[in-house]
Undergrad: 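The structure that follows is given in the form of structure tokens.
Note: hydrogens, waters and symmetry copies are ignored here, and every other heavy atom, side chains too, is used. Throughout, protein chains are lettered first and strands after them, A, B, ... in sequence-line order, and every chain is numbered starting at 1.
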Amino acid sequence: MSETNDTPPGGTDFIRQQIRADLASDRYGGRVVTRFPPEPNGYLHVGHATAIILNYGIAQDFSGRFHLRFDDTNPEKENEEYVRGIKEDILWLGADWGEQLYFASDYFERMYDCAVTLIQKGLAYVDSQSLEAIREGRGTVTEAGTASPYRDRTVEENLDLFARMRDGEFTDGAHVLRGKIDMGDPNMLMRDPVLYRIRHAHHYRQGDDWCIYPLYDYAHCLEDAFEGVTHSICTIEFENNRELYDWVLESSGFTEPRPHQYEWAGLDLENAVLSKRAIGPLVSAGLVSGWDDPRLATIAAYRRRGVPPEAIRMFASLVGVSRSGGRTEEDKFEYAIREVLNTEAPRVMAVLDPLKVVLTNLPEDHAESFDIASFPPDVGRDGSRAVPFAAEVWIERSDFAQDPPEGFRRLVPGGEVRLRGAYVLRCDEVVTDEEGAVVELRCSVDLQTRGGSNPEGRRVNGTIHWVSVADALDAEVRLFSALLEPVDEGEEIEGDEPDITERVSPDSLVVVHGAKIEPSVADEALDTRYQFERTGYFWRDPSDGRDDRLIFNRIVALKSTYRGAPDVERSEQRERAAEVKKTGPSVKPQISEVRQAARNADPGLAERFAAYPEAYGISIEHADLLTGSMATVAFFESAIADGADPGAVASWIVTDVRALLGDGAVADLAFTGDALGRLVELVTSGAVSRRAAKDVLARMADRGGDPGELIEDMGLAAVSDTNMLGEIIDGVLAGMPDKVEAYRGGRTNLIGLFIGEVMKATRGAADPKAVRSLLSERLDS
RNA sequence: UGGCCCGUCGUCUAAUGGCAAGACCCCGGUCUUUGGAACCGGUAACGGUGGUUCGAGUCCACCCGGGCCAACCA
């Protein structure tokens, strides 16, 4: 392990940071419980894989628990086959839920009880509108919704109706249970969300026990709470759902410590179809061979293709975790696969597109065998195999060129090339058919170079792979590439996505028949992953390549630095990306429309906005920020009432105070305007540095208190004594002689580092200006 | 269009007010019986504009760009 003490285990992504903070504050009594909650309505894809790795990895890192919970609340889409498949995929990835296997449908009774409680509290009601009426009543993103006529049913009536819904008295859609929240909430999800619906459907686990089923937003948070999940991690599109998540939990009586939801961006991978809703149609239309078609990005497909699970784990750690995200290049995934396979996969030779070479200086019945190492020296692994050689060998058609492009290092007429592990070969004659196509090469080998020996002074340009014609095994090789044709840019903007089934690329699967492979593979374990030298990583297809059927999947091609032609497409893409990034400067005045509207409605605000710049010498922007509400105005005016400098106070309010505010208002602050005024005066008088005053302000926001007393308590009285500062500075500089040298060598931006260290040493109490000048004295002399 | 969220090398991610870092890609080079691997080097970024600060990628504001939300799906 190369981890140092200052690197916390398991990465520093924002979710792990949150967990560390929760551990530090003992929020959950040291518990860390994560979960992966798939709906069994399809197979998992690589996006899910990264989510599993995240959740499982966190549980591992913090000695917590990882739950697998099937979120099976929709009887119409789910089945046991998917449950089986998903379990298998997760285990294959290396995540282990142990005893922690759960099904949301097992909680139906408890969820029902919670709903009854909600009704009793007046927080839920039975709505009997049609689906369309409910939809219309919800309003739009810009217009508030309207209340259902059933919104004010009595608790008794709701209780009765809800019980009868459960009892099966009503048809599908006759009633729903809705949360009673706010039809005008800007978050559409809070406009009386549907909690339960009637569906007379057979559930694959619960049979016909239920005819009402809970919806995601109601069910999911309860599931987390029932299981004692601490950190409920989902993707960014559920961000708007978090408010409802919290509402349901709070309303149902789950108090802190309760689960909390955190969203990350999830994975988007270039050239991968990452949506169960998109994969399903491809499978049912027969455009792929199944959920495990190796062209798909499902875990089952990767497993079948031959991708090792370690590669997916490595890929996940390479990509990382964030809230912003974007599309990850396929290169990164391929890199991870190659990285794992390079040290794992024994080398063999296989010719995918064979061209016959007759060795004219060997007897026709020549036969010998070379013992060739299975790994190159740098991999450092033992092992070899016998590779038969005879007077006729297959080579790769692309390894010969009659008219070679510049930089071609393979076989050309009259040229030499080494047959890997065998002899150096010279091309003496090219045999063509009547159309000029090359059908055979007549060559001679240099007997001095047998078995890879290399007589002094013998240098050969390239090395190619080969297979003895007499001993070659015939194989089928399947090559996979991007399943879908790229979408034209204009097309994508058109709103509706083009039908995915029409975008399947005919070239996405290339089946090579009659590939020639060395016989050693017949003796190896079926699940051996090979490197076909110079070609790529392959293994036998686990479905079709069993018994004596030699059917190989290409897991990934080898990287190649050989460039036939420059990659025009990519450079064009880059130019386009660069153009998009350019944006012009803003021209509008930097005044908020919202605050301007407030001033238009309140002459008191408008007057002050007009007067402040002149009266207090502050900018229009600051005046704007101070006059958005009477509360802010009052705060400001009380802060300057006792003589604090208005300009300084304004700066504090519009920057530092606002930073502490978050969503709240100034009135909710734990300190008052005049306390801020006193603090500002202390800064002005030099009693405390501005830097230290920020820490004091943070403390005031936290617990209130008098600024003067806090400065004493926190030991932050300004340090400007030259001798004392000088000592501290000398100590800091002595501690980093290399940086001092670099500074003197011209890296003057290191001054910030030095000041920072001095400020740190004094916990912000030093006067930074004094520090700067003292530093200059020492460093620039 | 209302609300919420997100903008750092071509791509993915670091930085927690103090040295803009790493990986992939790309480009050179060394080495090589795999145009692989390894090794050395290089190109390359804080969306814009103001403000606060000794010091801003980080705090504040405005603008620009992108994402999500109007299923009785999850």
Undergrad: If I take atom CG in residue A:D246 and atom P in nucleotide B:C4, what distance separates them, rounded to the nearest angstrom?
TA: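 A:D246 atom CG is separated from B:C4 atom P by 16 Å.
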Undergrad: Taking any heavy-atom pair under 4.0 Å as a contact, classify A:R772: base, sugar-phosphate, or nothing.
TA: base
Undergrad: Start at the 5' end of RNA chain B and walk down; is the nucleotide closest to A:L625 or to A:G752 reached first?
TA: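 Closer to the 5' end of RNA chain B: A:G752.
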Undergrad: Which listed nucleotide (B:G35, B:C19, B:C72) is nearest to the side chain of A:L750?
TA: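 Per side-chain heavy atoms of A:L750, the pick is B:C19.
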Undergrad: Choose from B:C25, B:C69, B:C59 the nucleotide whose nearest atom is closest to any side-chain atom of A:Y335.
TA: B:C25
Undergrad: Is there a donor N/O on one and an acceptor N/O on the other, under 3.5 Å, for the side chain of A:R323 and the base of B:C6?
TA: no
Undergrad: Could you check which of B:C24, B:C72, B:U34 has an atom nearest any side-chain atom of A:V176?
TA: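 For the A:V176 side chain, the nearest candidate turns out to be B:C72.
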Undergrad: Considering heavy-atom distances to RNA chain B, does A:T561 or A:R199 have its closest nucleotide positioned more toward the 5' end?
TA: A:T561
Undergrad: Strictly by modelled atom types, are A:E263 and A:Q261 linked by a side-chain donor-acceptor pair under 3.5 Å?
TA: yes
Undergrad: Choose from B:C69, B:G36, B:A74 the nucleotide whose nearest atom is closest to any side-chain atom of A:V141.
TA: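 Output: B:C69.
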Undergrad: Do A:T684 and A:D645 get their side chains close enough for a donor-acceptor pair, meaning under 3.5 Å?
TA: no
Undergrad: Under a 3.5 Å cutoff, is there a donor and acceptor pairing between the side chains of A:N241 and A:Y216?
TA: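 Side-chain D/A pair, A:N241 to A:Y216: absent.
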Undergrad: What about A:E533, does its side chain sit under 3.5 Å from the base of B:G36 through a donor-acceptor pair?
TA: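 It does not, because no donor-acceptor pair links the side chain of A:E533 to the base of B:G36 below 3.5 Å.
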Undergrad: Taking any heavy-atom pair under 4.0 Å as a contact, classify A:G628: base, sugar-phosphate, or nothing.
TA: nothing
Undergrad: Scan every strand shown for a Watson-Crick or G-U wobble partner of B:C62, both distances under 3.5 Å, and answer none if you come up empty.
TA: B:G48
Undergrad: State whether A:N749 places a side-chain N or O below 4.0 Å from either non-bridging phosphate oxygen (OP1 or OP2) of B:A20.
TA: yes
Undergrad: Is any side-chain nitrogen or oxygen of A:T328 closer than 4.0 Å to OP1 or OP2 of B:C24?
TA: no
Undergrad: Tell me if the side-chain of A:E270 makes a donor-acceptor pair with the base of B:U11, cut-off 3.5 Å, by modelled atom types.
TA: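 Checked by distance alone, the answer is no.
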Undergrad: Does the B:G35 base have a donor-acceptor partner in the side chain of A:K559 within less than 3.5 Å?
TA: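 Answer is no: no donor-acceptor pair is held.
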Undergrad: Determine: side-chain N/O of A:R135 to OP1/OP2 of B:A71, distance under 4.0 Å, yes or no.
TA: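 Yes, A:R135 has a side-chain N/O under 4.0 Å of OP1/OP2 on B:A71.
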Undergrad: Is A:R338 touching bases, backbone alone, or none of the nucleic acid, heavy atoms closer than 4.0 Å?
TA: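 No contact.
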Undergrad: If you look at every strand shown and take non-hydrogen atoms under 4.0 Å, does A:V654 touch a base, only sugar-phosphate, or nothing?
TA: sugar-phosphate
Undergrad: For A:R138 and B:C69, what is the distance between atoms CZ and C1' respectively, to the nearest whole Å?
TA: 11 Å
Undergrad: Base, sugar-phosphate or nothing for A:D217? Non-hydrogen atoms, less than 4.0 Å.
TA: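 Result for A:D217 = nothing.
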Undergrad: In terms of side-chain heavy atoms of A:K332, which of B:U13, B:G18, B:C12 is nearest?
TA: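 The listed nucleotide nearest to A:K332's side chain is B:C12.
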Undergrad: B:G35 phosphate, OP1 or OP2: any side-chain N/O from A:R534 under 4.0 angstrom?
TA: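 The answer is yes; a side-chain N or O of A:R534 sits under 4.0 Å from OP1 or OP2.
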Undergrad: Without hydrogens or angle criteria, can the side chains of A:Q448 and A:D446 be said to hold a donor-acceptor pair below 3.5 Å?
TA: no
Undergrad: Just label B:A71 as syn or anti from its O4'-C1'-N9-C4 or O4'-C1'-N1-C2 angle, using within 90° of 0 for syn.
TA: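 Classified syn.
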Undergrad: Please classify the nucleic acid contact of A:R347 as base, sugar-phosphate, or nothing, using heavy-atom distances under 4.0 Å.
TA: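 Touches a base.
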Undergrad: Has the side chain of A:D185 got a donor or acceptor that lies under 3.5 Å from a partner of the other kind on the base of B:G3?
TA: no
Undergrad: What I want to check is whether an N or O donor and acceptor connect the side chain of A:R410 with the base of B:G35 at under 3.5 Å.
TA: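 Such a pair is found, so the answer is yes.
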Undergrad: Looking at A:R595, I'd like to know whether one of its side-chain N or O atoms comes within less than 4.0 Å of OP1 or OP2 on B:C62.
TA: yes
Undergrad: Just call it for A:K760: base, sugar-phosphate, or nothing, with non-hydrogen atoms closer than 4.0 Å on any strand.
TA: nothing
Undergrad: Looking at A:E39 and A:K77, is there a salt bridge between them, counting it only when a charged N and a carboxylate O are closer than 4.0 Å?
TA: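 Judged by the 4.0 Å cut-off on N to carboxylate O distance, A:K77 and A:E39 do not form a salt bridge.
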Undergrad: Which nucleotide, B:U52, B:C72, B:C19, lies nearest any side-chain atom of A:H622?
TA: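 The listed nucleotide nearest to A:H622's side chain is B:U52.
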Undergrad: Do A:E237 and A:T235 meet the criterion of a side-chain donor-acceptor pair at a distance under 3.5 Å?
TA: yes
Undergrad: Say we look at B:A44 and B:C4: how far apart would their C1' atoms be, to the nearest angstrom?
TA: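 Pairwise C1' distance, B:A44 against B:C4, rounds to 34 Å.
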Undergrad: Between B:C62, B:C54, B:G35, spot the one nearest the side chain of A:S592, thanks.
TA: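 Selected nucleotide: B:C62.
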Undergrad: Once you apply a heavy-atom cut-off of 4.0 Å, does A:R191 come out as touching a base, just sugar-phosphate, or nothing?
TA: nothing
Undergrad: Under 3.5 Å, is there an N or O donor on one side and an acceptor on the other linking the side chain of A:R690 and the base of B:U52?
TA: no
Undergrad: Would one find a side-chain N or O of A:S322 under 4.0 angstrom from OP1 or OP2 of B:U13?
TA: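 Yes, A:S322 has a side-chain N/O under 4.0 Å of OP1/OP2 on B:U13.
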Undergrad: With a 4.0 Å cutoff (strictly under), does any side-chain N or O of A:R658 reach OP1 or OP2 of B:A61?
TA: yes
Undergrad: Counting any heavy atom closer than 4.0 Å, what does A:G325 reach on the DNA or RNA strands: base, sugar-phosphate only, or nothing?
TA: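 Answer is sugar-phosphate: A:G325 comes under 4.0 Å of backbone atoms only.
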Undergrad: Ignoring hydrogens and angles, state whether a donor on the side chain of A:S232 or A:R35 is under 3.5 Å from an acceptor on the partner side chain.
TA: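 Side chains of A:S232 and A:R35: pair found under 3.5 Å.
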